[in-house]
Amino acid sequence: MGHEAVGIVESVGEGVDEIMKGDYVVPVFIADCGECKDCKSSKSNLCSKLPFKVSPWMPREETSRFTDLKGETLFHFLFVSSFCEYTVVDIAHLTKLHPQIPPNRACLLSCGVSTGIGAAWKTANVEPGSSVAIFGMGAIGLAVYYDFYWTSKVAEGARLCGATKIIAVDVNPDKFEIGKKFGVTDFINPKSCEDKSVSQIICEMTDGGADYCFECVGMSTLVEEAYASCRKGWGKTVVLGVDKPGSQLSLTSANVLCSGKTLTGALFGGLKAKSDIPILVKRYLDKEVRLDDFVSHEMKFDEINKAFNLLIEGKCLRCVLWMD
């Protein structure tokens, strides 16, 4: 398992000329082949040559490249498999890094921080002065652990884009203090809404609905509530949370037609890894993106179970594991 990491290239395969041994790289679960129509376009980050899927294999072949001591197959995970000292990653899933960014910060750009900031920057294109509503500020369980705390990262992206009202929605009031650090201005606890829905409260707070809503939990009912919280005409809802397989939305056709709102998903926040991650690295080195604030714990890899427990208990933001 594992899909958020940073590493040093130990060796390269035949035909690989984009990187070389000793390069400092970040792996990303979504491909950027640079060759297909989608990768060449600025309109999408969804590679059509190597499309994203949950697979136990390498992206171009039916093998994982991993075996145990008995020679039995160990499955690959999201094309990265970072919970090991050595892994094999396709070149389409690797981005070369500026050597100045430290590894315990660079690894955050492999998924979570990049996804959250990208959702506000690339997918929503939040403008200065906008209002933003973010659904979900906590750990969401091992089943979709690669989503946890995207909310804080979306808030950071919204802050960088100049949003003036950033509303966080969560059932845990303790999360508000954490959110403040990343730009959250208002907090709604659904358990304290009494006879009003969250969308009604957000519409009242924003004089008609938030300009942008982000669903970061992975729950179809929250997607619907986020959509209802958007302003008619130009409101945009971005789905980041991973729901259970087969989950469906319930939206009336008339609502979609008459409201004029936009509903969209955003894998990796809409970022193109090879061109956009270097921009985020520069923004960190220029002290614009505050990666340091996201790291709440650092541990050795043999403490990984302790790290997961902190995640499940909602007591960590990002825990960096060292392979030392």
Side-chain angles (χ1 to χ4, degrees), residues 1-35 39 47 49-50 52-115 145-146 268 271-282 284-285 291 295 297-305 307-308 318-324:
M1 296 186 74
H3 84 297
E4 190 174 52
V6 68
I8 304 296
V9 176
E10 186 271 341
S11 60
V12 297
E14 182 180 350
V16 175
D17 55 14
E18 186 177 325
I19 59 172
M20 61 181 65
K21 180 178 180 179
D23 279 347
Y24 185 34
V25 294
V26 60
V28 176
F29 71 94
I30 190 170
D32 187 353
C33 76
E35 301 170 356
C39 288
C47 178
K49 183 176 181 180
L50 300 170
F52 172 75
K53 57 184 176 180
V54 179
S55 167
W57 313 120
M58 294 287 291
R60 300 177 202 251
E61 54 192 84
E62 294 293 298
T63 177
S64 73
R65 301 288 185 94
F66 292 125
T67 58
D68 63 15
L69 291 175
K70 297 179 182 179
E72 297 180 356
T73 298
L74 294 173
F75 296 118
H76 222 284
F77 182 69
L78 293 183
F79 311 126
V80 176
S81 289
S82 57
F83 288 173
C84 52
E85 188 177 0
Y86 291 89
T87 186
V88 183
V89 182
D90 192 285
I91 185 61
H93 291 265
L94 282 180
T95 296
K96 189 174 179 179
L97 292 173
H98 191 294
Q100 194 172 344
I101 182 171
N104 59 344
R105 299 297 181 262
C107 61
L108 303 181
L109 299 177
S110 182
C111 182
V113 172
S114 295
T115 297
Y145 70 90
Y146 47 94
F268 200 52
L271 296 183
K272 289 180 178 292
K274 294 181 188 293
S275 56
D276 290 329
I277 288 180
I279 293 174
L280 295 183
V281 170
K282 184 179 186 305
Y284 168 73
L285 295 176
L291 295 180
V295 179
H297 298 76
E298 296 196 33
M299 302 177 182
K300 290 187 176 181
F301 188 75
D302 59 11
E303 297 180 283
I304 188 171
N305 288 339
F308 267 115
R318 265 300 191 266
C319 179
V320 174
L321 299 175
W322 290 88
M323 289 288 181
D324 190 359

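These numbers come from a predicted model, not from an experiment. Index from 1, following the sequence.
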Keeping the roles fixed (side chain from [X], backbone from [Y]), state whether a donor-acceptor pair exists under 3.5 Å.
X: Ser82; Y: His3; result: yes
X: Thr87; Y: Ser81; result: yes
X: Gln100; Y: Leu285; result: no
X: Asp23; Y: Val25; result: no
X: His76; Y: Pro59; result: no

Check [X] against [Y] and note the closest heavy-atom contact, atom names and distance.
X: Met323; Y: Phe83; answer: CE-C, 3.8 Å
X: Ala273; Y: Asp32; answer: N-OD2, 3.6 Å
X: Pro103; Y: Trp322; answer: CG-CH2, 3.9 Å
X: Phe66; Y: Val88; answer: CZ-N, 4.0 Å
X: Ser64; Y: Pro56; answer: CB-O, 3.5 Å
X: Ala106; Y: Leu97; answer: CB-CD1, 3.8 Å

So how far is it from [X] [atom1] to [Y] [atom2], rounded to the nearest 0.5 Å?
X: Ile19; Y: Leu94; atom1: CD1; atom2: CG; result: 5.0 Å
X: Asp17; Y: Ile91; atom1: CG; atom2: CD1; result: 8.0 Å
X: His93; Y: Leu78; atom1: NE2; atom2: CG; result: 9.5 Å
X: Leu109; Y: Leu280; atom1: CG; atom2: CG; result: 6.0 Å
X: Thr95; Y: Glu18; atom1: OG1; atom2: CD; result: 7.5 Å
X: Thr63; Y: Phe75; atom1: OG1; atom2: CZ; result: 10.5 Å

- Under the salt bridge (Lys or Arg N to Asp or Glu O under 4.0 Å) rule, collect the residues that match up with Lys272, sequence neighbours excluded.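 If we apply the salt bridge (Lys or Arg N to Asp or Glu O under 4.0 Å) test to Lys272, skipping adjacent residues, there are no hits.
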- Message: Tell me which pairs pass salt bridge (charged side-chain N to carboxylate O under 4.0 Å, His left out) where either residue lies in residues 104-115, with sequence neighbours left out.
- Response: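 Matches after skipping sequence neighbours: Arg105-Asp292, Arg105-Glu298.
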Sub-4.5 Å side-chain heavy-atom contact between [X] and [Y]:
X: Arg60; Y: Lys49; result: yes
X: Pro102; Y: Tyr284; result: yes
X: Val28; Y: Ile277; result: yes
X: Val54; Y: Phe29; result: no

- Message: One pair to check against side chain to side chain contact (heavy atoms under 4.5 Å, CB included): His98 and Lys282. What are the steps and the verdict?
- Response: CA-CA 8 Å; His98 191 294; Lys282 184 179 186 305; over 6 Å; no
- Message: The test is side chain to side chain contact (heavy atoms under 4.5 Å, CB included); show your working for Asp276 and Ser114 and say whether it passes.
- Response: CA-CA 9 Å; Asp276 290 329; Ser114 295; over 6 Å; no
- Message: Apply side chain to side chain contact (heavy atoms under 4.5 Å, CB included) to residues Asp90 and Leu50 and explain how you reach the verdict.
- Response: CA-CA 10 Å; Asp90 192 285; Leu50 300 170; 4.2 Å; yes
- Between Phe52 and Phe79, what is the ring plane arrangement, given parallel below 30°, perpendicular above 60°, and tilted in between?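 If you compare the ring of Phe52 with that of Phe79, the planes turn out perpendicular.
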